[in-house]
Structures are given as C-alpha cells and as structure tokens.
Amino acid sequence: PMSWTPDSKTVLLQSDRDGSMRIYRQDIDTDRAELITSGPGTQRIPRISPDGHFVIFLGEDSTMPERSQARLVRVPLTGGGAEEVLTTVGFQGFNCSRVPRGACLISEKLDRVETVTQFDPVTGRGPKIIEVPTGGANPAISPDGRLIAFIVPAEVQMPGTIQNKIRIIDLHGRTVNEITVANAEYLLSLDWSADEAGFFCGDLQPTSTRLLHVERNGASEVLWKQPARDGIWAVPSPDGRHLAILNTKRSTNVWMVENP
C-alpha cells in the first residue's frame, strides 16, 4: 500500500500479480483490486497529488537513456492519459502533502549523498531543500505541507548500529526538532499520522520487524510485529480512521536428496 484516495475509501497499491509491477486501486470494503496503469516497463509507488486530482507514480522502462533513470508520471484519478512530470536519476522515493497547492518531495541519491527536492505535479522540479548522508533519510512531507521529517542515518552502518532519531525540518531546510524514539533499534520507514501529532515507523529488531506509533515527544507504542526481518510500513487514511499496512511473509522449502 502506498496512498489513499481523498475520501479515505480506496487504497492505491503496487503489485506484480500479473507478471509486471503495476498500480491498482482497491476499495476497503472489497477483496478485489482494479488495475489502473498499463504500458511498457513497470509502474510503482502511486501517490495522490496535493489537490487530489492526479495519481503520480514512478515509471521505468527500457527506453530510458540510462539504467538508473526513471520518470515520474501523472494520470487523472478519474481516468485519462499519462503525462510526464519529471525525469529522475538515482531515485530513492517521493511523496506529497494533502492540501491544495501543497508541495511534493523527491529524494535522489548521488554517490553518498541524498538530495531532497521540491516539485509540483504539473510544472515539475522546484528548489532543492536539503542534502543528507545516505543510510537513513526516507523524507516525508507533513499532510499540511509545512514540515518534512526524515530518519537520521546512523554514523556507521554495521550490525548492532542504533538508528533511532527523527529530524523535522521546514521547507527551507532549517531544523525544527529532533526526536529520539524510545525503545527503537533501527528505524526503516516513516509516515506522518493524519493529524500530524506523530508518525508510523518500521523498526528492525534482531529477529523481527515492528511497526511503531511514535509521538512527537519520542514515546513509542508497538502496533504490529512480524517475524521476518523485512520492510514494514503503514499509510494512514486522510480521515485518520484506517491504516494500510505492508506485512511481509516468507515461505521456504527444504529438500533432501539421497546420493545415487
């Protein structure tokens, strides 16, 4: 799950259930997903534009001049043709605020630096906001479009490293606050709560992964736990009543063959 429609009734998600990664929409009262993208290559990471009129997604195909290059594309939420928003190299992620004329962010990695840039779904790239070392980051813009939060990368990336800080900045890159998340070991993902009072974060443990609700004062509560050490995140609906959660499961087989 990646986003919700403005009415909080439908989840936008990506899936390769038909062989290639495509974007689907699924109402919360049904178990059937509806395909909303097609064409060459893959389409993933659907987000709703700040005005609620477009679905923006990442498109990747063999026609791009560089292997690391991709496109952000927009399509009307009600259906219609796709149009390119911008091209990106070293893509890491993007997300959008939820207010009309609000901002969107894109994060791109070059060498060991991650650059966060503002963009508009219609006019394209805007000003650069901040550069941070790679390893944490995962910048997320607040629903009202005024603040950005990201995971502060650990100074050394190695087993046993603690990565438990969230930094909040404004759209000019100035630090507003830095939070140390209680009882967190290695933060993986970050999404704002609908009311902006806190965050939903994935936390990697030695043998599992947890989904935390984190308050602005650093207090945390475990909402979900999965036994696999894999990615986990939660996207709240705009009305704050629902969470769409990624839950990862693994299935393996062991075979024994006798020597002939």
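- For the pair Arg98 and Pro6, the tightest heavy-atom approach, listed with the atom from each and the gap, is NH1-CA, 4.4 Å.
- Through direct or relayed side-chain contacts under 4.5 Å between Ile, Leu, Val, Met, Phe, Trp and Tyr, Val75 connects to Leu12, Ile23, Ile36, Ile48, Val55, Phe57, Val73, Leu77.
- Nearest heavy-atom pair, Leu171 versus Gln118, reported as atom, atom and distance to 0.1 Å: CD1-OE1, 4.3 Å.
- In terms of hydrophobic clustering, with Ile, Leu, Val, Met, Phe, Trp and Tyr side chains grouped at heavy-atom distances under 4.5 Å, Val222 and Ile179 are assigned to a common cluster.
- Hydrophobic cluster membership is shared by Ile106 and Trp233, with clusters built from Ile, Leu, Val, Met, Phe, Trp and Tyr side chains linked at under 4.5 angstrom.
- Remark: the Glu108 side chain and the Thr115 side chain contain no N/O donor-acceptor pair separated by less than 3.5 Å.
- Ion pair Asp7/Lys9 not flagged as a salt bridge, since none of the NZ, NE, NH1 or NH2 atoms sits closer than 4.0 Å to an Asp/Glu carboxylate oxygen.
- When the side chains of ILVMFWY residues are joined at heavy-atom separations under 4.5 Å, either directly or via intervening members, Ile141 and Phe150 end up in a single hydrophobic cluster.
- Classification of the His213-Phe200 ring pair by plane angle, with boundaries at 30° and 60°, yields tilted.
- Among residues two or more places apart in sequence or in another chain, the ring pair (Phe, Tyr, Trp, His ring centres under 6.0 Å) test is passed with Phe54 by none.
- A side-chain donor-acceptor contact under 3.5 Å links Thr37 and Gln43.
- Using a 4.0 Å cut-off between a side-chain N of Lys or Arg and a carboxylate O of Asp or Glu, Glu114 and Lys128 do not qualify as a salt bridge.
- With salt bridges taken as basic N to acidic carboxylate O contacts below 4.0 Å, none links Glu60 and Arg71.
- Taking Glu83 as the reference, Arg74 meet the salt bridge (Lys or Arg N to Asp or Glu O under 4.0 Å) condition, with sequence neighbours excluded.
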